[in-house]
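Take a look at the structure below.
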2 protein chains.
Amino acid sequence: MNACEFEVLRRRNLERLFHPRSIAVVGASTDASKAGSQALLSLKGFPGRLLAVNPKADEIMGVKCYPSVAALPEGVDLAVLAIPAEHCIAAAEQAAQRGVGGIFIISGGFGETGGAGKVLQDRLAAACRRTGMRLLGPNTSGFINTHAECVASFVPGVDRLRKGSVAVIAQSGGVNLTISFLLDRLDQGVALAAGLGNAVDVTAADLLPILAADPNVSAIALHLEGVPDGRKLYDALRAVTPVKPVVVLAAGRADIGEFAVSHTGNLMGSHQRTVSALAQAGAVIVDSTEDLAQAATLLGQGRLPALRDPGVGLVTGQAGPGLLIVDGLKSAGLRVPELDGATQEVIQQHLPPMTFIKNPVDTGRPGAGFAHVVDAVAAAPEVDVVLVYALSEAAVLDPARALAAAAGRGKPLVFGTLGLQQDLAPALHDLRGAAIPAVLGPERLVLAATALAADARGRWLGTQRAETTVSRSQVPLQGPYDEHKAKALLAEYGVRSPQRTLCHGRAEALAAFQRSAGAVVVKIVADDVPHKTEAGGVHLNIRTPGEMEAALDAIARIPTGDPGKVLVEEMAPAGVELIIGAVRDPSWGVTVVVGLGGVLAEALSDSSVRLAPLADADIDDMLNQLRGRQLLDGFRHLPVCDRTAIVEVVQAVARLMQEHADIAELEINPLRVNAQGALALDALVVLEKDAA
Amino acid sequence: MNACEFEVLRRRNLERLFHPRSIAVVGASTDASKAGSQALLSLKGFPGRLLAVNPKADEIMGVKCYPSVAALPEGVDLAVLAIPAEHCIAAAEQAAQRGVGGIFIISGGFGETGGAGKVLQDRLAAACRRTGMRLLGPNTSGFINTHAECVASFVPGVDRLRKGSVAVIAQSGGVNLTISFLLDRLDQGVALAAGLGNAVDVTAADLLPILAADPNVSAIALHLEGVPDGRKLYDALRAVTPVKPVVVLAAGRADIGEFAVSHTGNLMGSHQRTVSALAQAGAVIVDSTEDLAQAATLLGQGRLPALRDPGVGLVTGQAGPGLLIVDGLKSAGLRVPELDGATQEVIQQHLPPMTFIKNPVDTGRPGAGFAHVVDAVAAAPEVDVVLVYALSEAAVLDPARALAAAAGRGKPLVFGTLGLQQDLAPALHDLRGAAIPAVLGPERLVLAATALAADARGRWLGTQRAETTVSRSQVPLQGPYDEHKAKALLAEYGVRSPQRTLCHGRAEALAAFQRSAGAVVVKIVADDVPHKTEAGGVHLNIRTPGEMEAALDAIARIPTGDPGKVLVEEMAPAGVELIIGAVRDPSWGVTVVVGLGGVLAEALSDSSVRLAPLADADIDDMLNQLRGRQLLDGFRHLPVCDRTAIVEVVQAVARLMQEHADIAELEINPLRVNAQGALALDALVVLEKDAA
């Protein structure tokens, strides 16, 4: 079997695991406290063929028992291993020999415990890599495929989760259930809900293409802890998000390292890098399981087209909640455009004077004209998403009827409401019938618009990224790189630096100073002095021969194995300082960072991260994401910075990293930017072989 | 009647308004579409005396009608005015004459519309101020007092809101109902729920003391738009929060000015100032109606004692949700202390090996020892709040029973769970019976801990503030203040500046330079040059006579009506720069600001605000709230700053503003701080009479 055929086998086995026609429960038991009993119970509604493995019984709960995995008939799709960790290796190897498509291991005691458990886990991984059999877990509560009526999970109650169209993939079994139950509370069922556990073989990246192709799935809710295979996940998401919306909750905003490792054995990695990369791939990022369930439900009911910056229109029957909604929309950076005159005129006909109709439209208590007002807002060309808020008041508003015309205009429309549960129920029922999404409370409307806009924006950014093939340089770079060489390499990619002269010895340096038109900077050049400033090797604003002599004296005192070299460089004009960096991350590949310069920016980590290759629009997005972004746009006495020049430098850095696989790390710090362009004032290139 | 007696009357009338024994509906109607019909319908369950005013009927819905307000019997407690704005003035004046305690005006068309409406509103306000009669509204849907069975509101359905212990005060009638319905969804009723509308007379500050004294109220949920009477609200909150918890949602995070004014006619003011001041007064600040309802419900069920930094203990039956909870707690800055060895030993006896027990305690699927584990955590001295998370699994966990022992330890304990609604219902019912608060989902547990900690911390800060009487200076200050005078004034309050000489003319300046030990700063001193740096009037780091001459030349070229004065000042040692400012805010009184210096800090508005007088602990809190706070604690090459010196400067600024009522504004920019202390490098004092 060649590599391609093997991949096809693995993919088919993955399909068999999650859509099985036959399932064997290994470790089936009559003891209700055992997982092997729960697993069998949960599968009692499974319409396919059910088998059990237990050497001490002929049948359990009416299911035929086989004495061992090796004794199972050929070609069972899924084997659920409800047995202790130490027995799993043998069972897994036997399963592979019997042509089982996939196994799912409930037990913990693997990688998350370190030591011997890690060895067991590595052996499981090796068995999968060798045979093509797939493995869910270990250390997970399993999965539910409602459409296949397959409850491969040992948690009681999950067999009653209703059929729905949101797929859940969670690192943790407990979070998988948490999300599934929250979906249930939103009157939304699940299509597939899987807990990945230690994710030794089957990862989120594997499942995404299957879910993208599954007609029962309209949206995907994804929960992540660590991401050891970032680039694979990124690529999978980029392929899926144009087809189906994906909402992600990534743990690890704070430092929760020790407890996290104890859970599924995964290191958390940088949260900023994770969420930036996933958003770049078109995922919608949220911060809570509640928002995950709500956003996935809404996006599953309808998406915007790919759009950079959709306009939100709001009609509210109560001004106070309307104010909270607009406050939330604007705080989230969403655009609430003023309605044009023609739309306002139409609306005016249906409302009393003195109401606010520019957007939001405050109707006051909904009256007869409410439907017309909502329809007029939905028809407005500047509006891409329509939000409507009205408290339950059956006597004056039948929402399904009032929103029908507007909903027919093909733009996402979400209704927000609240009331006593019994009063709301009929309206919510009718809205479901009319396929109009409804949420409870003002903030959920804000979440709806935020999720719709993020989803649309992510796809728009995706359309901006040209799929160019990078031509890898075949000639290895010759390091190590000092500042002079690093700037020369950057110059080949179009990155400018101030005019400089590399001088060997004092006489050359003094001559270079004499030739210079104005003030200069004098810097030591020595491979073994990486922190030039701290070492006293950088002297700014040298104007007189006396200052030049003093600077050279100071540099001469710095211990180095390669003395005598200095750079004499023109002083750069004033401007704003940025840091542009790139690394080759073991999980995510080439990762580019843009940050503001200065110690406060460093303390705040005011930087933005993306994976290469980048669209120019991605870089613009990075700059807009900086908390201090105002500094680029002419704040106080600062210049309006040349954003095009910044974009070019970032693209050059990304291209350098992609074309030269031997560069481990690259940094321009600072990049001095003003209205005239951008200059690299210092640069660092570290080759893989020089990186310790 | 003297002023004191008049205040007693107003307070008694406010009680009559919200706890009426007799109510007259003015504008009572048989037309179901009219508010006067709805109001009468809503009051049908009112156990007190109900009257109506309608010149065209003798009785409506069985309620006796009077032809006019003037014809009403003496001493009705509450008159509900369901009549157009233009008729309200006459009705209000007649009501006051008939000894009505308070009125409530449904109609809009007052201040929120500007112009004539504003005139009407001012006349209403004047009538209240003259007579002592109280006014709720205008432009509100009214209030519900469930314990008095008084539904003074024109919104159908609110008469079925259940009786509870959370009081709601909302600026907006629509938000009042939104919050009340959210409380209902949490199985929590309301005690009193009032929409203030334009709040011409009755404000939140008026209602707070009444709610503090009401035995039916256990917690207060407050929604604010603008706050025109900030200091009054601050003082009311400071008095209430030691007695009852107050949770606040303040609109206006983003710029929503125009729409906000159209709503209740209030300007929003600075959101940062509002929430900082309310938190300083002990209120718990939230960002959504959902969190408002949830936090008020939880705090009404139990509070922590006043504590600076409570420790949170977490027991979780599922690791994944536990990870999300710890992530949320740490992101919110809460302390999750490691359990001491003795506690861990106790826990270890009840759990299998290899589980994480340091805090959080990850029990795995709850088993027989769960109750003991939770109790051990509750008993741990480092734990002040106990959180427990477990998915619904009736077969293995009866939460009310398992948590009983731990709940008996007198520390707040909150249980978080999720499951199918029908599975959860019995457990939630039992927990309510056992008075153990329960929330749905991991993030709600984080909210619970955050709210409990904020409430405890707010009260702790309150205990740190000594109630000192400020002795107002009787001698007016003589302005205007140039830098030299401003620094001299600050020096009287202990604020240090670098050694300086005020020089008249070039010769004095040169002599001062000659006497100086090191480098100096030369600055213009002229009342009419406020922006010295921008004008070229500040020359740093002058080391040679030539530089000194050049600096004086440059200063001599600046146009001023008062030429020839310069300050020659020692260069200050390096350090971190802060900005310390204070203003006399029309709503909030003396407000102190501490911010980091530099253009990025300015762009980020990285500053912190409090009202004077301040405890030293308040100032410490301000510094900790700065996003760039790391810069004060020895970040990179920066010194560890002398926080005590900063606290002393801020206290001096606050005291100066309080003792000298004629200072409008005061600013030290920058305050240079290092390990040795703090120096004011520049200072500005603006007197009220000089402030344009």
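Every heavy atom of this structure was used, including side-chain atoms; hydrogens, water molecules and symmetry mates were not. Order of the sequence lines sets the chain letters (A, B, ...), proteins ahead of strands, with each chain counted from 1. Because the structure is predicted, anything quoted here is derived from the model rather than measured.
- For the side-chain hydrogen bond (donor to acceptor under 3.5 Å, both in side chains) test, residues two or more places apart in sequence or in another chain that qualify with B/T178 are A/Y389.
- Rounding to the nearest 0.5 angstrom, the gap separating the CG atom in A/L177 from the CD atom in B/E393 is 9.0 Å.
- For chain A, the option among B/E602, B/K330, B/Q421 with the highest count of heavy-atom pairs below 4.5 Å is B/E602.
- Taken from CG in B/L631 to CG in A/L600, the straight-line distance is 5.0 Å, to the nearest 0.5 Å.
- Between the side chain of A/Q318 and the backbone N or O of B/V175 there is no donor-acceptor pair closer than 3.5 Å.
- Neither the backbone nor the side chain of B/R629 comes within contact range of chain A; no heavy atom of the residue lies under 4.5 Å from a heavy atom of that chain.
- For B/Q630, the part sitting under 4.5 Å from any heavy atom of chain A is the side chain, from C-beta outward, and nothing else.
- Considering only heavy atoms from C-beta on, A/D423 comes within 4.5 Å of B/R160 through its side chain.
- Atom CG of B/L447 sits about 9.0 Å away from atom CD of A/E290, to the nearest 0.5 Å.
- Residue with the most contacts toward chain A among B/R365, B/R444, B/H637: B/R444 (heavy-atom pairs, distance under 4.5 Å).
- Within the 4.5 angstrom heavy-atom criterion, only side-chain atoms of B/L391, from C-beta onward, approach chain A.
- Between chain A and the residues B/S392, B/G419, B/S180, B/G441, the most heavy-atom pairs under 4.5 angstrom are made by B/G419.
- Residues B/R185 and A/L418 meet the side-chain proximity criterion, which asks for heavy atoms closer than 4.5 Å.
- By the side-chain hydrogen bond (donor to acceptor under 3.5 Å, both in side chains) test, B/R627 is found to be paired with no residue, residues two or more places apart in sequence or in another chain being considered.
- Of the residues considered (B/K358, B/E534, B/Q422), B/K358 shows the highest number of contacts with chain A, using heavy-atom pairs under 4.5 Å.
- With a threshold of 4.5 angstrom between heavy atoms, A/A395 does not approach chain B through any atom at all.
- Closest approach of A/L604 and B/G628 over heavy atoms only: CD2-N, 3.7 Å.
- For B/L329, no part lies near chain A; criterion is any non-hydrogen pair under 4.5 Å.
- To the nearest 0.5 Å, the span separating CG on A/L324 from OG on B/S172 amounts to 7.5 Å.
- Interface remark: of the candidates B/V396, B/D287, B/V326, B/L161, B/V326 forms the most heavy-atom pairs closer than 4.5 Å to chain A.
- Considering only heavy-atom pairs separated by less than 4.5 Å from chain B, the leading option among A/G317, A/G598, A/A170, A/P360 is A/P360.
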